[in-house]
Q: 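I am attaching a structure below and will ask some questions about it afterwards.
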Amino acid sequence: MRLFFIFLLIYTSLFGFDYTLSKQVANGKTALLRVEKEKGVTFEYVEFDKKNFPFLNTQDNTQRFALIPVSYYAKAGEKTLRVVYTKDGVTHKKNFTFDVVYGEYKKERIQVSSKKVNPQAPKVKKRIAKEYAEAMRIYNTVDDTWYINKPFVMPLDSVITSDFGKARVYNGSLKGYHSGTDFRAPVGTPIKASNDGKVVLVANRFYSGGTIIINHGKGLYTCYFHLSKFLVDEGDEVTENQVIALSGKSGRVTGPHLHFAARINGVQVDPLQLITLINNTLTKVQ
């Protein structure tokens, strides 16, 4: 279990500002960089793994922080990120390092309809490719709006039946990893928005079934899969705890449940670890 937690190491102003950086992060988790706001210093963004990640504000507006997603497929070892900031009108770039370690993820064997494991029908394959491309266009969109000003909540109060990161073996064939967290949810259970945001996708998809994606701004998205009924439309702005759908058993499932997932700038991460990290950081509790 020790690999699933973020370890923080505080550095002082060796680089012109005080900062806190995650020292060690498991693959599939999110790292945290937090900086103290200082007069004359503007923190622009963080460069990591060929992507840029914006700085966000804590609730009291005294600090800024950046969420750095680590891919599930990232190799263990030392990783470098670059902070781009402006001090007294001059742009600076400084490199920092942290360690990626392999998470202790288990395997999970699942039996589902063979039609959902490796579909060969051209029409179905075309549908899957189209749905994937549509989702990735959404996940890779990073807008300027930041909807979050309070902690996240769980989409429902229920037992977790499958954790993020488990290797998924469908009908005896390895098909990747579990990209979210599953909650027990009989058909018709109310599903809530985990935080404020804008609904950017409401659709029935081949694998995820009834699907809702909420944009929380700055490249952060939460996803709600296998739904039976939609209670919001694309374009709706929703608030934390608002009921957005009813659970179901649509898509590739063995039974009714909610699959809850999260992405940062297109990168899939453990949603529960991310929520804990954001909630603690917004209120500066460690």
Side-chain angles (χ1 to χ4, degrees), residues 6-25 29-71 74 78-100 138-152 194-198 200 214-222 237 240 262-267 269 273-286:
I6 294 291
F7 294 87
L8 300 177
L9 183 63
I10 298 178
Y11 296 81
T12 52
S13 49
L14 296 174
F15 297 100
F17 55 86
D18 291 344
Y19 69 97
T20 304
L21 176 63
S22 300
K23 182 180 179 182
Q24 187 180 83
V25 184
K29 309 291 184 179
T30 303
L32 171 71
L33 172 67
R34 192 172 64 201
V35 296
E36 296 286 342
K37 295 184 74 171
E38 295 187 20
K39 186 177 180 179
V41 177
T42 300
F43 296 99
E44 306 292 347
Y45 55 88
V46 176
E47 298 176 348
F48 178 70
D49 200 21
K50 300 180 180 179
K51 292 188 176 186
N52 296 338
F53 300 93
F55 279 96
L56 311 168
N57 287 320
T58 53
Q59 284 182 318
D60 64 4
N61 206 34
T62 62
Q63 296 183 341
R64 305 206 76 199
F65 66 96
L67 302 167
I68 314 300
V70 177
S71 169
E78 186 178 83
K79 306 297 179 182
T80 300
L81 59 80
R82 175 176 294 173
V83 177
V84 179
Y85 68 100
T86 302
K87 184 175 177 63
D88 297 325
V90 179
T91 299
H92 300 269
K93 294 184 178 182
K94 295 296 182 182
N95 291 346
F96 303 94
T97 61
F98 66 95
D99 293 326
V100 170
I138 291 172
Y139 296 141
N140 285 302
T141 299
V142 180
D143 58 26
D144 291 332
T145 303
W146 177 238
Y147 293 93
I148 307 305
N149 57 22
K150 54 181 175 280
F152 279 75
S194 189
N195 213 322
D196 296 357
K198 185 175 183 179
V200 289
I214 297 178
N215 174 19
H216 300 288
K218 302 289 188 179
L220 174 59
Y221 296 85
T222 55
E237 290 196 4
E240 175 199 281
R263 286 186 184 254
I264 303 173
N265 203 343
V267 182
V269 293
Q273 184 260 349
L274 172 64
I275 285 176
T276 299
L277 192 64
I278 293 176
N279 289 355
N280 287 346
T281 305
L282 281 174
T283 54
K284 298 193 302 181
V285 175
Q286 294 296 336

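Index from 1, following the sequence.
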Q: Do the side chains of Phe65 and Phe43 get nearer than 4.5 Å, heavy atoms only?
A: no
Q: Val35 versus Asp18: any side-chain heavy-atom pair under 4.5 Å?
A: no
Q: Do Val84 and Thr91 touch side chain to side chain, with heavy atoms closer than 4.5 Å?
A: yes
Q: Please give me the minimum heavy-atom distance between Gly217 and Asp143, naming the atom from each residue.
A: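 Gly217 and Asp143 have their closest heavy atoms at CA-OD1, 3.5 Å.
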Q: With rounding to the nearest 0.5 Å, note down the distance linking OG1 in Thr30 to CG in Leu67.
A: 6.5 Å
Q: Please give me the minimum heavy-atom distance between Val142 and Gly219, naming the atom from each residue.
A: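 Shortest heavy-atom contact: CG1-N, 3.8 Å.
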Q: Once you round to the nearest 0.5 Å, how far does CD of Glu47 lie from OG1 of Thr80?
A: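 If I round to the nearest 0.5 Å, the distance is 12.0 Å.
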Q: What is the ring orientation for Tyr139 with Tyr221, classed by angle as parallel under 30°, tilted 30 to 60°, or perpendicular over 60°?
A: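 Perpendicular: the ring planes of Tyr139 and Tyr221 meet at over 60°.
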Q: Taking the side chain as every heavy atom from C-beta outward, state whether Phe53 and Phe48 have any atom pair closer than 4.5 Å.
A: yes
Q: Test side chain to side chain contact (heavy atoms under 4.5 Å, CB included) on Lys150 and Asp196; report intermediate values, then the result.
A: CA-CA 9 Å; Lys150 54 181 175 280; Asp196 296 357; 2.8 Å; yes
Q: What distance do Ile264 atom CD1 and His216 atom NE2 have between them, rounded to the nearest 0.5 Å?
A: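 Going from CD1 on Ile264 over to NE2 on His216, the span is 11.0 Å.
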Q: Under the side-chain hydrogen bond (donor to acceptor under 3.5 Å, both in side chains) test, which residues partner Ser194, sequence neighbours left out?
A: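 Applying side-chain hydrogen bond (donor to acceptor under 3.5 Å, both in side chains) to Ser194 gives none.
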Q: Does any part of the side chain of Thr281, heavy atoms only, come nearer than 4.5 Å to the side chain of Leu32, both counted from C-beta?
A: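 Side-chain contact under 4.5 Å: yes.
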Q: Let me confirm one number: the OG1-CG distance from Thr58 to Asn280, rounded to the nearest 0.5 Å.
A: 13.0 Å
Q: Atom NZ of residue position Lys198 - does it have more than 12 heavy atoms of other residues, nucleotides or ligands inside 6.0 Å?
A: no
Q: Please report the interatomic distance CZ(Arg34) to CD(Gln63), rounded to the nearest 0.5 Å.
A: 4.5 Å
Q: Check side chain to side chain contact (heavy atoms under 4.5 Å, CB included) between Thr42 and all other residues, then give those that pass, not counting sequence neighbours.
A: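 Side chain to side chain contact (heavy atoms under 4.5 Å, CB included) list for Thr42, sorted by chain: Glu44, Thr86.
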Q: Can you check side chain to side chain contact (heavy atoms under 4.5 Å, CB included) on Leu33 and Thr20, steps first, answer last?
A: CA-CA 6 Å; Leu33 172 67; Thr20 304; over 6 Å; no
Q: Begin with the C-alpha distance, continue with both residues' side-chain angles, and end with the deciding distance and a verdict on side chain to side chain contact (heavy atoms under 4.5 Å, CB included) for Thr62 and Lys37.
A: CA-CA 6 Å; Thr62 62; Lys37 295 184 74 171; 5.7 Å; no
Q: What I'd like to find out is whether the side chain of Tyr85 reaches to under 4.5 Å of the side chain of Lys94, using heavy atoms alone.
A: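 Counting from C-beta outward, Tyr85 and Lys94 do come under 4.5 Å.
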Q: Would you check if Val70 and Lys29 make a side-chain contact, meaning some heavy-atom pair closer than 4.5 Å?
A: no
Q: Of the non-hydrogen atoms in Pro69 and Val269, which two are nearest, and what is the gap between them?
A: CB-CG1, 3.6 Å
Q: Would you sort out whether Val25 and Phe98 count as a side chain to side chain contact (heavy atoms under 4.5 Å, CB included), showing the intermediate values?
A: CA-CA 8 Å; Val25 184; Phe98 66 95; 4.1 Å; yes
Q: Using the side chain to side chain contact (heavy atoms under 4.5 Å, CB included) definition, which of the options Asn279, Leu277, Ile278 pairs with Ile275?
A: Asn279
Q: Is a side-chain N or O of Glu237 found less than 3.5 angstrom from the main chain of Gly197, in a donor-acceptor match?
A: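 Judged by distance alone, no pair lies under 3.5 Å.
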Q: Thinking salt bridges, do Lys79 and Asp49 make one under a 4.0 Å N-O criterion?
A: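 A salt bridge is absent here (no side-chain N lies under 4.0 Å from a carboxylate O).
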Q: Would you please name every residue forming a side-chain hydrogen bond (donor to acceptor under 3.5 Å, both in side chains) with Asn265, sequence neighbours left out?
A: none
Q: Nearest 0.5 Å, what's the CG-CZ distance between Leu274 and Phe152?
A: 6.5 Å
Q: Could you tell me whether the side chain of Lys218 reaches within less than 4.5 Å of the side chain of Leu56, counting heavy atoms only?
A: yes
Q: Check Thr97 against Leu21 and note the closest heavy-atom contact, atom names and distance.
A: O-CD2, 3.4 Å
